[in-house]
Amino acid sequence: MEYRFRDIEKKWQQWWNENKIYKVSNDSAKPKYYVLDMFPYPSGAGLHVGHPLGYIASDIYARFKRLKGFNVLHPMGYDAFGLPAEQYAIEHGIHPAVSTENNINNFRKQLDNIGFCFDWDREVRTSEPKFYKWTQWIFLRLFDSFYNRQNKKAEPISNLIAAFEIEGNKNHPIPDSKFEARLEPSLLNFSAKDWKSFDGKKQQNILMEYRLAYCGYGEVNWCEALGTVLANDEVINGVSERGGHPVVKKKLRQWYLRITEYADRLLEGLQKVDFSESMKEMQSNWIGKSSGAEIDFEIEKPPLTPPKGEQATPRYETAFPSLYNITKKLAEEKRHDPTHEEEIMWGLLRANKAGFHIRRQHIIGSYIVDFACLDKLATIEIDGGYHDDPVIQQYDKERTRFLKENGFTEIRFTNEEVRKDAHAVIVKLTEILSQLPSVPRKSESSKVSPSGGDLEGALTLRVYTTRPDTIFGVDFMVIAPEHELVEEITTSEQKRAVDEYIAYVKSRSERERMAEKKISGVFTGSYALNPFDGRAIPIWISEYVLIGYGTGAIMAVPCGDQRDFLFAKHFNIPITNIIGNYYNGEEANPTKDAILENSGFINGMVMKDAIDVVINKLEEMGIGIRKVNYKMRDAAFSRQRYWGEPFPIIWKDEVAYPLDESELPVELPHMDELKPGEEAEGPLWNLKEWKNYKGGIREVNTMPGYAGSSWYFLRYMDPDNNKEFCSRKASDYWGQVDLYIGGTEHAVGHLLYSRMWTKFLFDIGLISHEEPYKRLVNQGMIVGSSRLIKRIQLLSHDENILGTAFISMNRDEFTDIDGLDPAGINKKLVNLYFPSIEITDIKQHSFSLLHVDVNIVDGNELDVEEYKKWKPEYIDAKFVFEDDGSFLCYERIEKMSKRYFNTVNPNSLCEKYGADTFRMYEMFLGPVEMSKPWDTKGIEGVHRFLKKLWRLFFDDIKGPIWTTASPSPSGEGKGEAPTDAELKALHKTIKKIEEDTERFSFNTGVSTFMICVNELTDLKCHKKEILEPLLILLAPYAPHIAEELYAELRKAPSPSGEGGGEASILDAEFPKWNEKYLKETSKAYPVAINGKTRTELTLALDATQQQVEEIVLKDAIVTKWLEGKQPKKIIYVKNKMINVVV
RNA sequence: CCGGAUGUGGUGAAAUUGGUAGACACGUCAGACUUAGGAUCUGAUGCCGUAAGGUGUGGGGGUUCGAGUCCCUCCAUCCGGACCA
């Protein structure tokens, strides 16, 4: 009786299905275990051998856990919304719903072939209304929530409104998202009174700035070819991930997820999960947290002294230049000798502690005010007792008049007030200031100038740096070409050069900018002032500074940053060395360990330590703040597409209103033609009758592919619930995904989004865990091994093809340059294979390498007849064979893809060798995490193993040959009890399989089975008592054959009455290994002389050092190698080895 | 350029704590059974060498009685991020 895998596999798959053997209950006394695969996008191409790798690993693990007594959830579903189906629809006229359904059916068939233990009753499809109803529902929760930075969690937006009504937004400043729809400046800070005075639309616009799902205008990645917006992770090097189409920046109204609010928690959460280092690394790189400082440099325009002048440059801003030197001195004196009250106030005001940027002893015109808030054009005076003096009174009057004329509001407090309750003074001050209109410092600062116009504007340049310690090494500033200050700070002399440069930058596409990185830039003519030594620092414009990161401006430290260094060298900007010997003049050194030189008050400090010192100083001076920056941006959440979840939103008067929960799901209406709407809106825009709804207009864009996948793992827990997305009872029972398996390609997309959604659902109290996945395993990619053949075409002078030849790999004489005549023609080839063609008719040879279908190649040998069938156009082509008559192909490792004809379909392998062979072979290839090229050849070995296993039970002729100590089915009477050798073979296998499976080492697991079967075959062991436990071990790896043989063993009722074939091996108990069968009494020790193994000695395990030494020294081979010398030392490691040192 | 991973026979790979390198397979070679073999079985198989022996885990150096494993350094390949200040 032979191993008829096709019948067996079909039979058991059917039986498992009919008996619902994989159905999982949410109610069990067993401990739970949740094994999850990343669900597939059902593409039209179907599965190739690379896809099931992860599924097989998880299937083995799930079955293993089940045998170990866990209640295992192992579901599967489809990520069924997405772009490709829609592209396909546009190109082929097949509706996405139809092609998706077809693809799913095809996937399902392929998956079923492999014999997975999925509980299909829990299947989810993200494109089904009963699923996406809850995607929309969670979206509404996101829309209805804000991130409370005070307690670092999401809360209902109603809490925020309540806070606004009491205190305005002073405790909840607007998140500085890069995509915020710009509010009028007066709405950025508001009091309770303001809030109440705003009309409904204004209030809604403000709330939109806080919502976790929000709509705003922003630069987006627009892909013209796909007609949609893409998320950052869907754009790679300036082209779309899917299809490789160019992507440009475009301003559009978009929905976003405010994932930036979760940046810190997403980062911290990585420490609590078991992901690979590289995965964590990728995620934290994507989040890109850096900490440093934002520093305001005052800008001088035009420069009063040469940039590298010896003298410190005077600084002025709102001061009269003519009187600056005098007033500055006075102001500095006063700054160093403040009154007690001033000191108290400054302690409370500095570093933006009151929410406003305040300067002290600030010069306005020729006056020195105690404090000034330039953003609000306000001065603050703390009055002492000497105002009775008429001269001072007069001075005060003039001063008040001057300030008033120049638009300043004077705010006065008395010393007493400050002494009594300084905090109350601050509260009052804050209230007054917040009611004053904000004056954007940068663009409108010229208003500050007194009417005479002598006074320069208080321009400041705000830069972000992670290295404030290098502030004395700043030799120039660089701002992005798009920086808002460009126009203002460009001097008339530099205007032309700057305009030209900006035009040049604009002419360059994103791709060009990335592809060729040459150093370019232009000087603005203006200088910034180093706040510590007053040195003038030239301000340059260059495209190497990006507007989107930090403040779009940097302080350049050429001795410490390589890009700055190259820039300085290129434009001959002198370089200041602040790191002594660490800088060699050849390249920058970004060290933090150097001792600072040429660095004013931080001279002699180690750089690392100076960072904090400088930040503190900057904060004290009110010109800088500690700042954390993230690379991560909010995630674009709308797509101008049809095949996705509709938003449950309607627009009225440009305000977005959520639909009521009772209206969910908002079903995706059927459309036959998927044309984009006007203004790059999605196709739904064209559906007038659907679009107009309840006096408003529906949002016509749809959600992106990652919406459904951000929470699908929760739906599996409670897939049929039509009242909740997942009941609390179910999510509490199943909790985190214990093991998540999938590819690395989702490292920064899906994994971050789903982690955010989980944290959000946790925040609002709907689930009780904060991280979705406890452990993540990334399966490696299986890459294809392509076969290529070399083609030569003979072209005539008018470019016609005269003949085609294919040259086998080793027939270089027909392809080498050597074989060509001066005209470039291989005469030998023509003479031998194309005798009817005249050499003079040939203009040239055209060489190319063509992919051939790997399925018609055996190893490297092409089946030429099959090839001609496949490509009938080559029916008359000549084939130049090897000497032995074979035709050999070239080999190339590349991604498995239909276009390279290197895909191998699991179906055909299952058909040829069976699912069990296929499963075990995929595992046998190597570690799951590793990428490897597919090679079908080795599958024979695994197949042979299963046949060999089969032969332990059945003889081809005799039939069943297994025996048992109880009566066997063939009635041959009692078999023998297992021997020690057999028990040892079994128990060491149990031990190893348990360990290997637990640590995901399935490749060594498979080889362990092979060793065991080889040993049992050598021992001629056919005993049920040995074979039955072995089958249980094997069941996770090769479930069909294990189930079949297990049933065979149980066919004959045993005396104990436990027979009958109804119990599945899936519910057997995983065997336990017993130490006593593994015990050895002796061991063959390798004996090394000076570390080189020379012989082997079998010694008792309990031998002592002394006994060993005696035996070893007596040994003939050892004596020979000692050559009469005395051993210095004999090292004896029990159960390992012996080493004799001479 | 930065970060991560990986480098072991003709091939896929093993070696879990520093202790006989190459388990288990593929392939190849030889043999058995056979009309035949692309079925099955047996044996051999890192490299050099007839052999004794030498040599060998990307290269070089180090620690150790002993290194694929630990340390330093260089090189190569793959993956990810790339002007992130």
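Protein chains get the first letters and strands the later ones, always in sequence-line order, with residue 1 at the start of each. As a basis for the values below, the full set of heavy atoms in this structure was taken, side chains included, without hydrogen atoms, waters or symmetry mates.
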Novice: Heavy atoms from C-beta onward define the side chain here; which of B/rA82, B/rC24, B/rG19 lies closest to that of A/Val1133?
Specialist: B/rG19

Novice: Is any side-chain N of the basic residue among A/Glu995 and A/Arg999 closer than 4.0 Å to the acidic one's carboxylate O?
Specialist: no

Novice: So what does A/Ile1131 touch, heavy atoms closer than 4.0 Å: a base, only the sugar-phosphate, or nothing?
Specialist: base

Novice: Any Lys/Arg nitrogen of A/Asp935 or A/Lys937 sitting under 4.0 Å from an Asp/Glu carboxylate oxygen of the other?
Specialist: no

Novice: For atom P, what is the distance between B/rU8 and B/rU40, given to the nearest Å?
Specialist: 31 Å

Novice: Report the nucleotide, chosen from B/rA39, B/rC24, B/rA85, that has the shortest atom-to-atom distance to any side-chain atom of A/Ser290.
Specialist: B/rA85

Novice: Which nucleotide sits closest to the side chain of A/Trp1121: B/rG53, B/rC24, B/rU16?
Specialist: B/rG53

Novice: Side chains of A/Tyr504 and A/Ser520: any donor to acceptor distance under 3.5 Å?
Specialist: no

Novice: For the side chain of A/Thr465, counting heavy atoms from C-beta on, which of B/rA85, B/rA23, B/rU16 is nearest?
Specialist: B/rA85

Novice: Using the P atom on both, measure B/rA14 against B/rC65 and round to a whole Å.
Specialist: 31 Å

Novice: Any base atoms under 4.0 Å from A/Pro927, or only sugar-phosphate, or nothing? Heavy atoms, all strands.
Specialist: sugar-phosphate

Novice: Rounding to an integer number of angstrom, what distance separates B/rC29 and B/rG68 when you compare their P atoms?
Specialist: 33 Å

Novice: With side chains defined as the heavy atoms from C-beta onward, is the minimum distance between A/Tyr1085 and A/Val1133 less than 4.5 Å?
Specialist: no

Novice: Please classify the nucleic acid contact of A/Lys1092 as base, sugar-phosphate, or nothing, using heavy-atom distances under 4.0 Å.
Specialist: sugar-phosphate

Novice: Between the protein and nucleotides 66-74 of chain B, which nitrogen or oxygen pairs come in under 3.5 angstrom?
Specialist:
none

Novice: How would you label the contact of A/Arg944 with the nucleic acid (heavy atoms, under 4.0 Å): base, sugar-phosphate, or nothing?
Specialist: sugar-phosphate

Novice: Less than 3.5 Å apart, any donor N or O on the side chain of A/Asn285 or A/Lys631 sitting next to an acceptor on the other?
Specialist: no

Novice: Under 4.0 Å, counting only non-hydrogen atoms across every strand here, what does A/Lys1128 touch: a base, just sugar-phosphate, or nothing?
Specialist: nothing

Novice: When you check the gap from the basic side-chain N to the acidic O, do A/Arg6 and A/Glu911 get nearer than 4.0 Å?
Specialist: yes

Novice: Is the phosphate of B/rA85 approached by A/Tyr464 (side-chain N or O, under 4.0 Å from OP1 or OP2)?
Specialist: no

Novice: Would you mind classifying the nucleic acid contact of A/Gln562 as base, sugar-phosphate or nothing, using non-hydrogen atoms under 4.0 angstrom?
Specialist: nothing

Novice: Are any non-hydrogen side-chain atoms of A/Ile554 and A/Tyr464 less than 4.5 angstrom apart?
Specialist: no

Novice: Under 3.5 Å, is there a donor-acceptor pair linking the side chains of A/Ser786 and A/Asn902?
Specialist: yes

Novice: Under 6.0 Å between ring centres, would you say that holds for A/Tyr61 and A/Phe1002?
Specialist: no

Novice: Quick one: on RNA chain B, does A/Lys1136 or A/Met282 contact a more 5' nucleotide (nearest heavy atom)?
Specialist: A/Lys1136

Novice: How would you label the contact of A/Asn629 with the nucleic acid (heavy atoms, under 4.0 Å): base, sugar-phosphate, or nothing?
Specialist: nothing

Novice: Of the listed nucleotides (B/rC65, B/rA21, B/rG12), which one gets closest to any side-chain atom of A/Thr1093?
Specialist: B/rA21

Novice: Where does B/rG22 land, syn or anti, once you apply the within-90°-of-0 test for syn?
Specialist: anti

Novice: Of the options B/rA23, B/rC84, B/rA14, whose atoms approach the side-chain atoms of A/Lys631 most closely?
Specialist: B/rC84

Novice: So A/Ala1088, base contact, sugar-phosphate only, or nothing? Heavy-atom distance under 4.0 Å.
Specialist: nothing

Novice: If we count only N and O atoms by modelled type, under 3.5 Å, do the side chains of A/Thr1004 and A/Ser1001 hold a donor and an acceptor together?
Specialist: yes

Novice: Is a salt bridge present between A/Glu940 and A/Lys912, judged by a nitrogen-to-oxygen distance below 4.0 Å?
Specialist: no

Novice: Side chain of A/Pro1086 only, please: which of B/rU40, B/rU20, B/rC24 is the nearest?
Specialist: B/rU20

Novice: Where the side chain of A/Arg1094 is concerned, which of B/rA15, B/rC41, B/rG54 is the nearest nucleotide?
Specialist: B/rG54

Novice: Rounding to an integer number of Å, can you tell me how far A/Lys937 NZ sits from B/rG38 P?
Specialist: 13 Å

Novice: In dot-bracket form, 5' to 3', how is RNA chain B paired? Count Watson-Crick and G-U wobble pairs only if both distances fall under 3.5 Å, and write | where the partner sits on another strand.
Specialist: (((((((..(((......[....)))((((((.......))))))(((....)))..(((((..]....))))))))))))....

Novice: When all nucleic acid strands are considered with a 4.0 Å heavy-atom cut-off, which category describes A/Lys1134: base, sugar-phosphate, or nothing?
Specialist: nothing

Novice: For the rings on A/His943 and A/Tyr921, is their centre-to-centre separation under 6.0 Å?
Specialist: no

Novice: With the side chain of A/Leu546 defined as its heavy atoms from C-beta on, choose the nearest nucleotide among B/rC83, B/rA82, B/rC24.
Specialist: B/rC83

Novice: Which is more 5' along RNA chain B, the nucleotide nearest A/Leu925 or the one nearest A/Asn1014? Just name the residue.
Specialist: A/Leu925

Novice: NA contact type, A/Ser278, heavy-atom cut-off 4.0 Å: base, sugar-phosphate, or nothing?
Specialist: sugar-phosphate

Novice: Look at all strands and tell whether A/Glu277 reaches a base, only sugar-phosphate, or nothing, counting heavy atoms closer than 4.0 Å.
Specialist: nothing

Novice: Between B/rU16, B/rG12, B/rG19, which nucleotide has the shortest distance from any of its atoms to the side chain of A/Met1137?
Specialist: B/rG19

Novice: Tell me the interatomic distance from A/Glu1096, atom CD, to B/rU20, atom P, rounded to whole angstroms.
Specialist: 11 Å

